[in-house]
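Below: the structure, in structure tokens.
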Amino acid sequence: MMKQLSVFVENKPGSLKDVTSRLKEAGVNIRAVASFDTPEFGILRLVVDHPEEAKAYLTQKGFVVRIHRVIGVELVDRQGNLNEMLSFLAENEINLNYIYSFVIRDGKTPVMVFHTDEHDRAEKILKEKGIHIIEQE
């Protein structure tokens, strides 16, 4: 299992930097980041090396932060590999709420991060298909 931070930020210049600056102050390393916005606010989703500490520090600094369980899978850089994984989930009627990737892992395979309301089923199906689920690093 991986944990992801969801940080609510105003949709204005510098708001993402405010979050990353606070994480730098706390000594937290960002492993993956994705931003989703609306006209008034954004949700900054982050995979970090110390999610509980990051949440506590950001909350102390006035940010609204939630921790969510997400699934991270290693996918070899091969044509159709993502489509194959998505097919396994679709065939089992597992809906993905969102998906993003990260690759900075000291020479390791890229990771696709996704959220679903059926984590346990999704992990079981993917493991049965030989897809490697990663744990929080």
Side-chain angles (χ1 to χ4, degrees):
M1 175 183 77
M2 295 179 69
K3 293 180 179 178
Q4 167 197 271
L5 300 178
S6 293
V7 184
F8 295 89
V9 293
E10 285 186 72
N11 193 355
K12 66 177 188 176
S15 62
L16 301 181
K17 184 205 65 77
D18 290 344
V19 174
T20 60
S21 294
R22 299 299 80 77
L23 292 174
K24 181 180 174 186
E25 289 171 6
V28 172
N29 187 30
I30 299 169
R31 300 273 167 79
V33 62
S35 178
F36 304 88
D37 69 339
T38 66
E40 308 216 354
F41 71 93
I43 300 173
L44 184 61
R45 293 189 168 115
L46 304 128
V47 175
V48 300
D49 58 352
H50 301 290
E52 302 293 340
E53 293 89 340
K55 179 186 179 198
Y57 192 80
L58 289 173
T59 300
Q60 174 190 348
K61 296 297 182 183
F63 292 94
V64 176
V65 183
R66 301 286 182 262
I67 292 182
H68 300 280
R69 180 178 172 189
V70 292
I71 298 174
V73 298
E74 289 184 334
L75 291 181
V76 176
D77 186 12
R78 171 175 50 90
Q79 183 179 1
N81 208 13
L82 174 60
N83 185 63
E84 183 178 60
M85 182 202 72
L86 294 173
S87 294
F88 297 148
L89 297 172
E91 289 164 6
N92 287 277
E93 298 184 5
I94 293 178
N95 183 50
L96 300 186
N97 299 320
Y98 52 83
I99 186 169
Y100 58 95
S101 67
F102 68 97
V103 295
I104 304 171
R105 297 181 62 226
D106 297 326
K108 296 180 183 175
T109 307
V111 173
M112 296 302 300
V113 177
F114 66 89
H115 182 270
T116 178
D117 295 330
E118 299 184 71
H119 288 92
D120 295 334
R121 259 187 78 223
E123 284 186 359
K124 181 178 184 282
I125 289 162
L126 294 174
K127 285 179 182 177
E128 287 171 358
K129 297 294 185 178
I131 295 175
H132 183 243
I133 307 291
I134 66 165
E135 300 295 321
Q136 195 84 27
E137 295 182 339

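Keep in mind that what you see is a predicted model, and the values were worked out from it rather than measured.
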For D49, does its backbone N or O pair with a side-chain atom of N29 as donor and acceptor, under 3.5 Å?
no

For H119, the ring-ring contact (aromatic ring centres under 6.0 Å, His included) test, sequence neighbours excluded, returns H115

Do I94 and L75 land in one hydrophobic cluster if side-chain heavy atoms of ILVMFWY residues count as linked below 4.5 Å?
yes

Non-neighbouring partners of K3 that pass side-chain hydrogen bond (donor to acceptor under 3.5 Å, both in side chains), sequence neighbours left out
E52

Ion pair present between R78 and E84, side-chain N to carboxylate O less than 4.0 angstrom?
yes

Please round to the nearest 0.5 Å and tell me the distance separating atom NZ of K61 and atom OG1 of T59.
12.0 Å

Where T116 and I71 come nearest, the two heavy atoms and their spacing
CG2-CD1, 4.3 Å

Which is it for K129 and L89 under the side-chain contact (heavy atoms from CB on, under 4.5 Å) test, yes or no, and what are the steps along the way?
CA-CA 10 Å; K129 297 294 185 178; L89 297 172; over 6 Å; no

Validation row: F114, M85 side chains within 4.5 angstrom (heavy atoms)
yes

Going only through I, L, V, M, F, W and Y residues with side-chain contacts under 4.5 Å, is there a path from V28 to I30?
yes

Are any of the side-chain nitrogens in K12 or D18 under 4.0 Å away from the carboxylate oxygens of its partner?
no

Co-membership, hydrophobic cluster, residues I43 and I67, 4.5 Å side-chain
no

A quick test of your reading: do over 12 heavy atoms of other residues, nucleotides or ligands sit less than 6.0 Å from CD of E93?
no

Rounding to 0.5 Å, atoms CZ (R66) and CD (Q4) come to a distance of 13.5 Å

Note: E123 and I133 closest approach over all heavy atoms is OE2-CG2, 4.2 Å

Separation between OH of Y57 and CZ of R22, rounded to the nearest 0.5 Å
6.5 Å

What are the two closest non-hydrogen atoms of L23 and A54, and how far apart are they?
CD2-CB, 3.6 Å

If hydrophobic clusters are built from ILVMFWY residues whose side chains come within less than 4.5 Å, do V33 and V9 share one?
yes

Can you name the nearest heavy-atom pair linking L58 to V7, along with the distance?
CD1-CG2, 3.9 Å

Which value, rounded to the nearest 0.5 Å, describes the distance between E10 atom CD and L16 atom CG?
11.5 Å

Do L82 and I99 touch side chain to side chain, with heavy atoms closer than 4.5 Å?
yes

Among S21, P13, S15, which residue satisfies the side chain to side chain contact (heavy atoms under 4.5 Å, CB included) criterion with K17?
S21

Hydrophobic clustering (ILVMFWY, side-chain heavy atoms < 4.5 Å, transitive) - are Y100 and M2 grouped together?
yes

Does E128 CD have over 12 foreign heavy atoms under 6.0 Å away?
yes

Student check: side-chain heavy atoms of H132 and I134 closer than 4.5 Å
yes

Looking at F88 and I125, what are the two nearest heavy atoms and their distance?
O-CG2, 4.0 Å

How far does CG of L5 sit from NE2 of H50, to the nearest 0.5 angstrom?
12.0 Å

Calculate, to the nearest 0.5 Å, the distance between atoms CG and CG belonging to L96 and L86 respectively.
6.0 Å

If every non-hydrogen atom of F63 is compared with every non-hydrogen atom of F8, which pair is closest and at what distance?
CD2-O, 4.4 Å

Sub-4.5 Å side-chain heavy-atom contact between V70 and Y98:
yes

